[in-house]
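Per chain, numbering begins at 1; letters A, B, ... match sequence-line order. Quantities reported herein were computed from a predicted structural model and do not represent experimental measurements.
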Amino acid sequence: MNNLVEIKDLYFSRNGRAIFQGVNIHIPRGKVTAIMGPSGTGKTTLLRLIGAQLRPSQGEILVADENIHSLSRKALYRLRKKMGMLCQTGGLFTHINVFENVAFPLREHTQLTEAMIHSLVLLKLEMVGLRGARDLMPSELSGGMSRRVALARAIALDPELIMYDEPFSGQDPISMAVLVKLIRTINDAMGLTSVIVSHDVTETLSIADYIYVIAGGKIIGQGTPNQIDHEKAQQVRQFLDGLPDGPVPFHYPAEPFASDLLGVRLDA
Amino acid sequence: MLNQVEALGRWGIDSLEQLGRAGVLLGRVVLRVPNLRKGFPLTMQQVYAEGVLSLLIIIVSGLFIGMVVALQGYHTLAKFGAAQQLGPLVALSVTRELGPVVTALLFAGRAGSAITAEIGLMKATEQLSSMEMMAVDPLHRVVSPRLWGGFISMPMLTIVFNVVAIYGAYLIGVKWLGLNSGAFWANMQTSVDFHLDVLNGIIKSIVFGLVVIWISVSQGYEAEPTSAGIAKATTNTVVYSSLAILGLDFVLTAMMIGGW
């Protein structure tokens, strides 16, 4: 099959709140697929569902043709070795240096010699341009550097799928450009399948092959960057153009203002 | 009234759920086949972090507690002309009660709180989540070594505490107050039974160690990943551990005195 990940009729709710209501997403092999949407729509949750860190209430997620939520723990961990994930904060281990962070998955999952691990780590760090930072501790890195180290660590085991959780948020323009270039280059050079979850419109449109826009637990738009850019639907336009008010209201749902001010319910 | 009943019920269910999750966590750590090649060095690192680095506070506290018990004991015993019994008094108090209890309380404050904060912060900074996605089980990589490290460290710290406290009492009783050194040690030797006093004290310390470290790791692992959540979890570790130590001490003492 040509899709590495298939999300079928996904429903998920947390604390009584519906996050996804019948979402269908196909992530083709070798492509960069972006999932966009306003904050709080459950984009990170979706990645955690793909990685089986959360279970859906209904529907199924196939990763490499396997229903990831029906796997045994052993089989799940075997499958996860083929997946890399870049968390929002990078998730670097703060007690070990950059080199050891990248070496971590290799030490855990392989029996490679120290010399081989050394070479592999340097190769991965060279790919993200941080070979010179190998002896630094995570606390000495800038936000952009942390994400690049986390990226080197995520690709250490040469995964098939890599998931990026908000890779551009909080980055300066240079770091952002570096990350955009890296995501595309690594995807093409290593033949990976990439999933980017982001709300940074310009950067995501510039590298994605296909885009899904999610809001209110449903897919409100999908297509190539060009199709999305010319999308007419009001909800999609509000998100892409960054309009403060529209289908997604400026005000969080509340009682009528007058009744709040007077301290009485008008309908009482 | 109904609201209060409802709140009480909710609290009860939440507490049981929390206990259940902590039980599952302990079970998953204890009942797995250990990987000695990876697990042993990690556990030894934790023995260093939790045990060796707690030595200073244990030694200083042991010394002062031994000295205070000797000072208080001497003046009370002297009233009855039984000052020569200072050795047994100190040795029995320390090996049976003070050693295991005070060491466990100090261990909860020094190592337990640190473990909770460390695991909680690892969770808040997505380190545990990253580990899971790298197909490395945080329970095995992070929780298990800390649990076994604490389990191994506690009895050893208790033995150190006992020795130092008795030495503190020796300094006060013999070197300062002028008791006969031979009588001090000989009376102690005749009164203290290895099995009933020393070994039972060590058994207590093993139980306390397991409970403290279990509370510490489960509070850290289940902590809400926010600064307030980690602060609450750290406080809970110290409070729950202290209460558990004192409560269990009573139960264990009652069982030991009753001959199990």
Side-chain angles (χ1 to χ4, degrees), chain A residues 44-45 47-54 63 68 71 73-96 101-111 138-139 146-147 149-159 161-166 195, chain B residues 10 13-14 17 24-25 27-29 31-42 44-46 48-50 53 114-115 117-146 149 220-222 224-227 229-230:
Chain A
T44 303
T45 307
L47 292 189
R48 296 204 183 284
L49 282 160
I50 297 175
Q53 287 185 307
L54 296 171
V63 180
I68 195 161
L71 296 176
R73 179 175 290 271
K74 201 174 168 186
L76 173 64
Y77 273 57
R78 179 178 42 75
L79 188 59
R80 276 187 185 159
K81 286 180 198 168
K82 296 180 190 171
M83 304 161 86
M85 182 157 161
L86 196 71
C87 299
Q88 254 180 61
T89 54
L92 293 180
F93 304 131
T94 45
H95 63 289
I96 49 179
N101 261 288
V102 181
F104 182 84
L106 296 168
R107 292 196 200 286
E108 285 294 319
H109 295 304
T110 68
Q111 306 283 332
S139 57
S146 292
R147 291 202 193 170
V149 174
L151 179 55
R153 188 178 66 178
I155 57 171
L157 288 174
D158 294 332
L161 170 71
I162 183 155
M163 298 186 279
Y164 300 90
D165 188 1
E166 300 285 5
V195 182
Chain B
R10 191 175 303 281
I13 290 170
D14 286 349
E17 199 183 316
V24 170
L25 181 130
R28 280 184 57 196
V29 171
L31 298 178
R32 68 180 275 262
V33 182
N35 179 343
L36 284 180
R37 188 178 69 84
K38 283 180 191 162
F40 184 73
L42 289 171
M44 285 304 111
Q45 278 173 20
Q46 289 308 315
Y48 176 78
E50 295 166 33
L53 294 183
I115 287 169
E118 188 188 16
I119 297 179
L121 265 172
M122 286 181 87
K123 189 176 177 185
T125 53
E126 297 183 301
Q127 294 182 46
L128 297 185
S129 173
S130 306
M131 213 177 260
E132 265 185 6
M133 284 309 296
M134 280 187 271
V136 177
D137 192 343
L139 279 185
H140 300 164
R141 188 66 173 64
V142 175
V143 174
S144 177
R146 279 161 181 76
Y221 202 70
E222 298 292 339
E224 197 187 318
T226 59
S227 43
I230 294 166

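- Looking at heavy atoms from C-beta onward, E108(A) lies in side-chain contact with K38(B) at the 4.5 angstrom threshold.
- Considering only heavy atoms from C-beta on, M134(B) stays 4.5 Å or farther from R80(A) through its side chain.
- The greatest number of non-hydrogen atom pairs below 4.5 Å with chain B, out of R78(A), R153(A), R107(A), is found for R153(A).
- No donor-acceptor pair closer than 3.5 Å links the side chain of K81(A) to the backbone N or O of A135(B).
- The structure places OG1 of T94(A) at 8.0 Å from CD of E118(B), a figure rounded to the nearest 0.5 Å.
- In this structure, the separation between CZ on F93(A) and CE on M122(B) is 6.0 Å, given to the nearest 0.5 Å.
- Counting heavy atoms from C-beta on, the side chains of R73(A) and D137(B) come closer than 4.5 Å.
- For chain B, no part of L86(A) is nearby; none of its heavy atoms comes within less than 4.5 Å.
- Only the backbone of T125(B) comes within contact range of chain A, judged by heavy atoms closer than 4.5 Å.
- If you measure heavy-atom distances from R48(A) to chain B, the contacts under 4.5 Å come from the side chain alone.
- Scanning all heavy atoms of the two residues, the minimum distance from S130(B) to G90(A) falls at OG-O, 4.1 Å.
- Between the E126(B) side chain and the C87(A) main chain, no donor and acceptor come within less than 3.5 Å of each other.
- Contact check for V136(B) versus F104(A): side-chain heavy atoms found under the 4.5 Å cut-off.
- Contact of the Q127(B) side chain with the L92(A) side chain is not registered, since no non-hydrogen atoms from C-beta on lie closer than 4.5 Å.
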